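Numbering of residues begins at 1 and proceeds along the displayed sequence. Values in this document were obtained by computation on a predicted structure and should not be read as measured data. Start at 1 and go down the list; that is how both ligands and their atoms are numbered.
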Amino acid sequence: MSPKTAQELALPVGVTLDRFIMLSQSAFPYATGELSQLLRDIALAGKIINREINRAGLVDIAGGNGTDNVQGENQQKLDIIANIRFIRALKNGGEVCAILSEEDEDIIHTGNDHGKYVVAMDPLDGSSNIDVNVSIGTIFSIYRRVSPIDGPATREDFLQGGRKQVAAGYILYGSSTMLVYSTGDGVNGFTYDHSLGEFILSHKNICSPQNGTIYSVNDGYINDYPAFVQQYLTKCKEKSCTARYIGSLVADFHRNLLRGGVYLYPSTKKTPEGKLRLLYECYPLAFIAEKSGGKAIDGFGAILDIIPTSFHQRSPIYLGSSTMVDDVMKC
Ligand code: FDP
């Protein structure tokens with residue numbers, strides 16, 4: 001066996017998230033560093049939640065808490081923990097004046113009225129998968145506030161519309177933990193290295209495949225879907241496309257983003273407005289989809305063009321590879 005070179009013995013670790021954020025910021029001479037700090041705060045919260053999730057089977061933090069959230073859904077203990085962890089990290093960071101969370105009815109004021117940003121988030125998405133050790137995620141969306149600095153944040157800060165997001169992303173707690181985000185200029189993915197406690201750039205400039213073969217939908221509700229969706233799904237089956245549905249939005253979206261595919265959550269008879277929440281599920285993932293070259297629609301037009309009217313409003317969504325989303329639209 002030939003001896004390894006010094007380079008082979010000590011392979012570079014790669015670019016850490018911190019370094020990447022710093023390098024990206026230096027490309028904008030007038031950047032103040034506040035958005036950079038905010039992204040670091042989100043990464044920190046993600047690391048803490050990752051730790052909690054990893055020991056969920058060992059300590060009493062798995063399972064339902066016996067309470068309902070604002071949507072009337074059963075809260076899992078980890079939903080509550082993730083919510084608290086995120087709010088605390090964003091409050092301590094100081095850049096965010098207010099937060100909107102899936103778990104809370106109204107705006108959460110952080111007390112940092114000088115903060116320029118507001119964050120809408122789903123701290124732990126796919127909660128029905130927590131107990132069975134299946135991938136779950138965090139989704140976040142960042143806006144520059146429109147209300148005057150040094151006063152309290154207002155509804156308008158959160159109801160600006162998806163095109164006004166300055167950054168968005170998700171953290172996937174899967175076979176490895178990944179942070180994927182965009183500040184509008186490309187989409188980048190970072191894998192968490194537990195031993196270093198750092199997110200390392202692993203997926204540079206992610207480009208959504210233009211087409212794919214995967215369709216992700218809850219097939220059990222097919223009879224409740226609108227006719228055009230039933231028609232599209234019949235076509236997928238005729239073409240022997242691959243059905244993949246984890247039932248965890250971040251995981252399903254992430255797989256399709258890397259492999260090529262479409263995720264569908266249409267309106268149903270039970271949920272005529274769709275199930276997924278516009279502000280902290282649809283907008284951020286639509287932002288990532290578009291910035292990576294994919295598409296996201298509600299069946300009529302782009303998700304990002306929907307004018308929001310309330311914090312917890314829902315929307316049908318079809319998102320992923322552009323050709324596949326176009327095909328849904330054609331139906
Ligand atoms: P969950 O209810 O487990 O939180 O956002 C809600 C969500 O999960 C998505 O993550 C997931 O894609 C979808 O709902 C699953 O809904 P169905 O069980 O109705 O398919």
> Would you give the length of the straight line joining atom OG1 of T177 to atom CD1 of I53, rounded to the nearest 0.5 angstrom?
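One finds 7.0 Å between OG1 of T177 and CD1 of I53.
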> Give the other cluster members for M22, using side-chain heavy-atom distances under 4.5 Å between Ile, Leu, Val, Met, Phe, Trp and Tyr residues; answer none if it is isolated.
none
> Looking only at heavy atoms, what is the nearest atom pair of Y280 and F311, with distance?
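Reported closest heavy-atom pair: CE2-O, 3.8 Å.
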> Step by step, work out the side-chain contact (heavy atoms from CB on, under 4.5 Å) result for V229 and C331.
CA-CA 7 Å; V229 178; C331 283; over 6 Å; no
> Could you walk me through whether K77 and I130 pass the side-chain contact (heavy atoms from CB on, under 4.5 Å) test, one step at a time?
CA-CA 10 Å; K77 288 179 194 149; I130 297 175; over 6 Å; no
> Regarding R145 and S147, do their side chains bring together a donor and an acceptor under 3.5 Å, going by distance alone?
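There is such a pair between these side chains.
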> Might you list the protein residues in contact with ligand 1, defined as having a heavy atom under 4.0 Å from one of its atoms, sorted by chain and number?
D125, G126, S127, S128, N218, Y221, Y245, G247, S248, L249, Y263, Y265, K275, L276, R277, E281
